[in-house]
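Naming convention: chains lettered A, B, ... in sequence-line order (proteins, then strands); numbering from 1 in each chain. The figures that follow rest on heavy atoms only: side chains count, while hydrogens, waters and symmetry mates do not.
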Amino acid sequence: MPVLNIKKFSFTYPGVEHPSLKNINLPIKRHAITALIGPSGCGKSTLLRSMNRIHDLYPGNKYEGKIEFTDQDKSVSDILEIKKENEFIELRQKIGMIFQKPTPFPMSIFENVAYGLKIAGVKNKTELADRVEVALKGSALWKEVHDRLDKSAMGLSGGQQQRLCIARAVAVKPEILLFDEPTSALDPISTGAIEELIVELKKDVSIAIVTHNMQQASRISDFTAFMYLGDLIEFDKTENIFLNPKEKKTEDYITGRFG
Amino acid sequence: MEKIFQKLALSSASLVFVLLVGIFITLYSAAKPAIDEFGFDFITNPDWNKEVPIEISSSTAVTPSTNMSDKASSEVKDASIEDEDDMMLDDEDDDMMLDDEDDDVTTKTIYGGLVPIVGTLLTTLIALVFALPIAMGIAVFLAEIAPKNISNVVGIAIELLAAIPSIIFGMWGLYYFAPIIADMFGGYQVSLLTAGLVLGVMILPFMAAITRDSMNTTPAVLKESAYALGATKFEVIKDIIFPYSKVGIIGSIILALGRALGETMAVAFLIGSIFVLPQKITDPTISIPVAMANNFGEASGLGESALFYLALILFIISFAVISIAKFYFLKKAK
Ligand SMILES: Nc1ncnc2c1ncn2[C@@H]1O[C@H](COP(=O)(O)OP(=O)(O)OP(=O)(O)O)[C@@H](O)[C@H]1O
Ligand SMILES: [Mg+2]
């Protein structure tokens, strides 16, 4: 049973005539990494941002179809049915998101990681400290920052900031993490560290990652979805997509003939 | 070429300091006679333009002079405010004649700045306390809550409000606002409260517009990150947008403070313009800029110097308030 099951899903931005996503059918499997690849503007971010309904911060979007979310206790709900603010909050605590550019909040390193816990109602000081430490260790950042937790997060390097954002998302113990090109603003060494980290996280969470970097998709992902102009062209195990794609378009894209 | 440019930039920058120092020196030298005469007692002395016998030393002179000011204030309460203004002028004429004669009359005129200093500080404080929460509310509404089209319309209205000349605020305040305030809080129509509130209305659009602009600079992706962690709109505003735009908000407060401290026209209409220490917030009094504007024409000698002393104090107050705001809060913001 996939943790997210996207069924006959279409999405239209406000003021746009044609849907940006058309009839998408895609499972996001539990404890696996699913990569979304495809040329710029094909709708990867749009699809990813539907999974936590972050689109809904802006009015006027149109959804069709279903995105079924299977909770740890096996209860199934349709993400697209959500209407109330507290349901959105619950959803986003379960489905975290990391963006292309690191987004440290204007507060200390500790407060950044503790933020999601605090707004979720964790008040106990020792519990907060423990969970921040666990999250920072889990994000391979603890060694670098344990002696300056009270310093502003703005003083970290780009790669450290991105790992801080991952720690911040991990701290609330989500079931799914959505990454939208998390390394495209980083140098190769930081990129390597983040990739290692994402693979490491797989044992605790299910992951969907948008990437422009095909080596990255082949290195870290278990499944790959190839999208083109709002359509899902092909979805399969990563090795099949890269070694023997069934669709001509997929093959053209991964061999670099367009995109 | 680069050298020339650097020199030009440097000299323009130093011009600012030359101006600052120049203004300070001018004020100081013009205020010198009053400073020599009254010293720091000027700041704590509530009597403006009062005659005291010359023989009595300054420490014992306090008793009779306070009596006189009490008398003056009780007179004021009987007289209507417009009459009071005339009365002050009469007083001054008398003084000058007495000074000219100065044969057997052993009196001198003393000036104290306490009343206008208190008036300036209190009107500014009232304005800030009134305007700050409302301006923040408007800014949050415009930046985060209102739909785009409503936000644009209200935003333009706010900017228009900020462009209205202060004398219009003064007239509106006197004819429309003052009676309402007097009905609501009792007391005089022209008072500290009326002047402070209208001043608050004047600085409100500034603070709201600048605060909204700096809130709008919060990157969308930063807000999205907080929402993606399960934050509510209120939490995003409180924890992300406010801290992010803190510098801009403090800047808007500093600008508003500067404007409120120095505002003359609107306050002149509304404060009552009498040199009496207010007992209640609804009492009329005077502020430093209004004291200068009203009395400069007729002033000469020590009186004129005392006005310069007031100007120097206003300069120092503004400077101190703004530097404190800047260094204290901006440091904390980092
Ligand atoms: N807010 C929006 N309003 C209207 N159309 C939009 C909006 N955001 C994106 N689009 C359109 O939707 C389509 C898909 O965009 P999306 O950002 O999902 O592409 P992407 O695959 O993530 O591209 P990239 O690799 O460049 O990030 C594009 O045609 C884009 O122009
Ligand atoms: Mg994208």
Side-chain angles (χ1 to χ4, degrees), chain A residues 14 45 48-49 51-60 85-108 111-121 151-155 161-162 164-166 168-172 174 176-178 180 185, chain B residues 136 139-155 210-253 327-334:
Chain A
S45 299
L48 198 75
R49 290 163 63 86
M51 297 181 199
N52 66 349
R53 298 279 303 270
I54 201 83
H55 282 304
D56 288 62
L57 298 179
Y58 314 98
E85 189 178 31
N86 62 328
E87 291 174 323
F88 277 118
I89 290 169
E90 217 176 298
L91 173 77
R92 290 173 189 154
Q93 282 168 345
K94 286 178 186 156
I95 305 182
M97 187 167 223
I98 282 92
F99 298 79
Q100 179 172 359
K101 271 218 224 120
T103 53
F105 296 151
M107 42 183 99
S108 72
E111 293 297 331
N112 259 279
V113 183
Y115 187 72
L117 298 168
K118 280 189 173 167
I119 59 177
K151 296 276 168 6
S152 168
M154 305 298 183
Q161 287 183 357
Q162 194 63 306
L164 181 76
C165 292
I166 296 174
R168 189 172 70 192
V170 165
V172 294
I176 305 172
L177 280 181
L178 310 172
D180 194 348
Chain B
M136 293 303 122
V140 166
F141 176 77
L142 292 181
E144 287 301 313
I145 296 169
K148 266 240 165 62
N149 43 358
I150 293 181
S151 170
N152 287 342
V153 172
V154 179
I210 299 174
T211 302
R212 174 206 55 188
D213 288 347
S214 52
M215 284 181 168
N216 278 339
T217 62
T218 315
V221 65
L222 199 61
K223 292 185 261 179
E224 286 177 7
S225 309
Y227 283 116
L229 274 175
T232 59
K233 187 161 229 163
F234 174 73
E235 285 160 346
V236 171
I237 290 168
K238 172 170 71 80
D239 299 326
I240 309 298
I241 296 173
F242 264 107
Y244 191 87
S245 42
K246 213 179 211 165
V247 174
I249 294 172
I250 292 167
S252 81
I253 296 173
F327 287 107
Y328 182 71
F329 289 108
L330 287 190
K331 258 224 183 96
K332 259 181 106 182
K334 281 178 192 161

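Contact of A:Ile119 with chain B is made through backbone and side chain together, with heavy-atom distances under 4.5 Å. A:Met154 does not touch chain B: none of its heavy atoms, backbone or side chain, sits under 4.5 Å away. Heavy-atom distances place no part of A:Pro174 under 4.5 Å from chain B, backbone and side chain included.
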Validation: residues 89-97 of chain A side-chain donor-acceptor distances under 3.5 Å, sequence neighbours left out:
from    : atom 1 : to      : atom 2 : distance (Å)
A:Arg92 : NE     : A:Asn52 : O      : 3.1
A:Arg92 : NH2    : A:Arg53 : O      : 2.6
A:Lys94 : NZ     : A:Asp71 : OD2    : 3.0

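With rounding to the nearest 0.5 angstrom, the CG atom of B:Asp239 is 8.5 Å from the CZ atom of A:Phe105.
Inspection of non-hydrogen atoms places B:Ala220, B:Val221, B:Leu222, B:Glu224, B:Ser225, B:Ala226, B:Tyr227, B:Ala228, B:Leu229, B:Gly230 of residues 219-230 of chain B under 4.5 Å from chain A.
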